[in-house]
Structure formats: C-alpha cells, structure tokens
Amino acid sequence: MSAFAEYAKEQQEIDGLLFKGYTIASIQEDLDGARIKFVRGEPAKGSMELLLLTADARKYVTTLVVAGLRAEGEQAGCYSGEV
C-alpha cells in the first residue's frame, strides 16, 4: 500500500469518528505511532481508541485539535486572529 493510501485510510477513519459525534480527548505519542482517544457524549456515550501510523495522519489530527482550540478561543473572545 502506498504512503498516500495509508494516510487516506487513517484520515477517513478520523473523519468518520468525528462525523459520528466523537471528539478527540487525548493524544499519546510513542515509537509505535500516535494513540488517539475519542469520546462521545449523549445520546450514546462511548469511547474509542485509534492508532495512527503515518506522520501525515498525526499532523492532520494535530491540525484539527489546534483549529478546535482556536474556534473555542474566538467564541470566548480570547483570540483575535492576529499573530
């Protein structure tokens, strides 16, 4: 399987979980890859863990987390968007 195909598969898994209402609860990096813990609240509580092996998928998850934090900051009036 090509590197892009592996990344695309992991990205689809991430997007699928987010579409189902899961949110990223934690990220744990080690030599095997990144373990991402997803949790879901109401109506059906649950958690799921996903092991990401490709560097691009790990960067993708990090980008999603940063975008979420930025959006929360903008809603709270803490982030102006200026650097």
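These figures come from a predicted structure and were not determined experimentally. All values below were derived from every heavy atom in this structure, side-chain atoms included, with hydrogens, water molecules and symmetry-related copies excluded.
In terms of heavy-atom proximity, Asp32 sits nearest to Asp30 at N-OD1, 2.9 Å. Here the closest heavy-atom approach between residue Ser47 and residue Lys37 is recorded as CB-CE, 4.2 Å.
Grouped with Met48 in one hydrophobic cluster are Phe4, Tyr7, Ile14, Leu17, Leu18, Tyr22, Ile24, Ile27, Ile36, Phe38, Leu50, Leu52, Tyr60, Val61, Leu64, Val65, Leu69, the linkage being side-chain heavy-atom contacts under 4.5 Å among Ile, Leu, Val, Met, Phe, Trp and Tyr residues.
Within the structure, salt bridge (charged side-chain N to carboxylate O under 4.0 Å, His left out) pairs that include any residue of residues 8-18 comprise Lys9-Glu13 (at least two apart or interchain).
By the salt bridge (Lys or Arg N to Asp or Glu O under 4.0 Å) test, Glu49 is found to be paired with no residue, residues two or more places apart in sequence or in another chain being considered.
With respect to Glu29 and Arg35, no salt bridge is recorded, no charged nitrogen being found less than 4.0 Å from a carboxylate O.
A donor-acceptor pair under 3.5 Å is formed between the side chain of Arg40 and the backbone N or O of Ala44.
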